[in-house]
Number of protein chains: 2
Amino acid sequence: MRIKNMQITEQNIIKAAWELLEQIGIEDFSMRKLADLLHIQAPSLYWHFKSKQSLFQTLANEVAKEALQSAKLEGEWEEQLYDFVAVIRSVIGKYPCSAQLLMRTVPSEPDYLVLINSLLQILDHLPVSDSDKFSSVACLLNYVIAFELDKYEQRRVNAAMKDEGDGGAQGVFLQSLENLSVEGPNVVRRMYHDHLFREVGSDNMFRTGLKIIIAGISQLAREQQL
Amino acid sequence: MRIKNMQITEQNIIKAAWELLEQIGIEDFSMRKLADLLHIQAPSLYWHFKSKQSLFQTLANEVAKEALQSAKLEGEWEEQLYDFVAVIRSVIGKYPCSAQLLMRTVPSEPDYLVLINSLLQILDHLPVSDSDKFSSVACLLNYVIAFELDKYEQRRVNAAMKDEGDGGAQGVFLQSLENLSVEGPNVVRRMYHDHLFREVGSDNMFRTGLKIIIAGISQLAREQQL
DNA sequence: ACCTGAACACCGTTCAAGT
DNA sequence: ACCTGAACACCGTTCAAGT
């Protein structure tokens, strides 16, 4: 007996799934817990989605869809690319665990394909081979997904190390940081002491990486033109 | 009773783990199956490794260690970077599922830190901020890991779609490819028809992406110098 | 020091049966 | 058409007990 006789539809399964991802993360996400949240039994979910994987695919596709809707394509191709990827990032930031979902999803869902197509369109007039365009788009997409993934991992690790003493993972990390047997300067340690690790996932770092890739694509086009 | 009285050591647990990853992939990897392969009971593994995650961390660290050993640092910084990342890629290709292992591992293991340090050292003399150096290295590392990950996914999906008719995932994919409701040219479809998707994971694509990022870093340094 | 047996608290998924 | 109960074949991990 369901509370308030609420209808179980694909749409509110999806809504509950986002909620659950928000609450417990993707590692602990289970079909049983999702069913609990909806006040139904776990096997019922399988009438609406043929597997957990296909539910995840649907969620990933929703992210792609929203990114597409939020995109505004204006200005030069560099600007278009920059803004589009920034939009993708903000959408990934909005939906919990969406970077992981996109990462483990093969881009076969329709909206994901349209997203890739839109990125390819921006580059289509550049004087480079199709193969190079493809590489460029893959590079950009991987970048934004991996960036948000790292951020998530960083937060998770920080949270886990929060209440530990010197014997914990934090202590081990600091120790190996100090004792790195490297020839030449211990650059990592220097950066750690400059609190640079706190910047992981920051807007500033995001922009830098994105600028690197776009400048690289630009250079590729320049070389072809000769 | 173990065959041939073989000693169970961390080293041969690790060896067996690589074997198991090779045989069944990371999705189906389990501590019980690993124990079977070693002819011991699953709980015995927990005397040597405190968790599955820590075993995976150790494996990831081995990959970093080998990449470090294989690296030869010669030439200009662009060349050093290019060669180093290429070496990392070849090592990832050698160890089964190592891209996934690196992806889900936070770089706290010593050799992984040394690896990052080595990459940072290559950039250390460039006239850019520490933050930019850090972004650059993160960009490169994410690139090579994501590249090999995509390749693995692509193979997995292709294998799964192998023996399916029009009704299967392949049919669905082709259909949505044809029917993409896009404004402007369907670039994705064009590329598919040019067999460009088969190139995913190719050496050629790898080089292109790597060149893009390194050219981008180069540009960053040039801008700072003014 | 190193290993096992039994158990705990979970999974994803299937399927006959219910309404 | 949509949902449930019971079950299958698994997981990771703990822990008292054995040698």
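A, B, ... follow the sequence lines: proteins, then strands. Residue 1 opens every chain. Note that the structure is a prediction, hence the values are computed from the model and not measured.
- Annotation for A/E27: atom CD counts as buried by contact number, over 12 foreign heavy atoms lying within 6.0 Å.
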Can you list the steps and then say if B/R198 with B/H195 is a side-chain hydrogen bond (donor to acceptor under 3.5 Å, both in side chains)?
CA-CA 6 Å; B/R198 286 193 205 142; B/H195 307 291; 3.1 Å; yes

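- Annotation: the span from A/L141 atom CG to A/F84 atom CZ amounts to 8.5 Å, rounded to 0.5 Å.
- Residue B/Q7 contributes atom CD, which lies 15 Å from atom P of C/dA1 at whole-angstrom precision.
- Taking atom P on both nucleotides, D/dA9 is separated from C/dA9 by 23 Å, rounded to a whole Å.
- Checking the phosphate oxygens (OP1, OP2) of C/dA1, no side-chain nitrogen or oxygen of B/H48 falls inside 4.0 Å.
- Note that B/R89 lies in the cation-pi zone of B/F206, set by a 6.0 Å cut-off to the ring centre and a 45° limit from the axis.
- The strand DNA chain C forms stems, runs of 3 or more Watson-Crick or G-U wobble pairs with distances below 3.5 Å, at C:4-8 with D:12-16, C:12-16 with D:4-8.
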Reading nucleotides 9-16 of chain D from 5' to 3' and marking B where a protein heavy atom lies under 4.0 Å of the base, S where only the sugar-phosphate is that close, and - otherwise, the string is --BBBBB-

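- Side-chain atoms of B/N117 come within 3.5 Å of backbone N or O of A/V188 as a donor-acceptor pair.
- As a whole-Å value, the separation of B/D36 CG from C/dT4 C1' is 14 Å.
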Test B/Y95 against B/E22 for side-chain hydrogen bond (donor to acceptor under 3.5 Å, both in side chains), laying out the working first.
CA-CA 8 Å; B/Y95 288 90; B/E22 176 79 53; over 6 Å; no

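- In this entry the distance linking CD of B/Q41 with P of C/dA7 reads 15 Å, nearest Å.
- With respect to A/K33 and A/D36, no salt bridge is recorded, no charged nitrogen being found less than 4.0 Å from a carboxylate O.
- Salt bridge B/E109/B/K65: absent, no basic N to carboxylate O contact under 4.0 Å.
- Residue A/L38 contributes atom CG, which lies 15 Å from atom C1' of D/dT4 at whole-angstrom precision.
- For A/W47 and D/dC2, the CH2 to P distance is 4 Å, given to the nearest whole Å.
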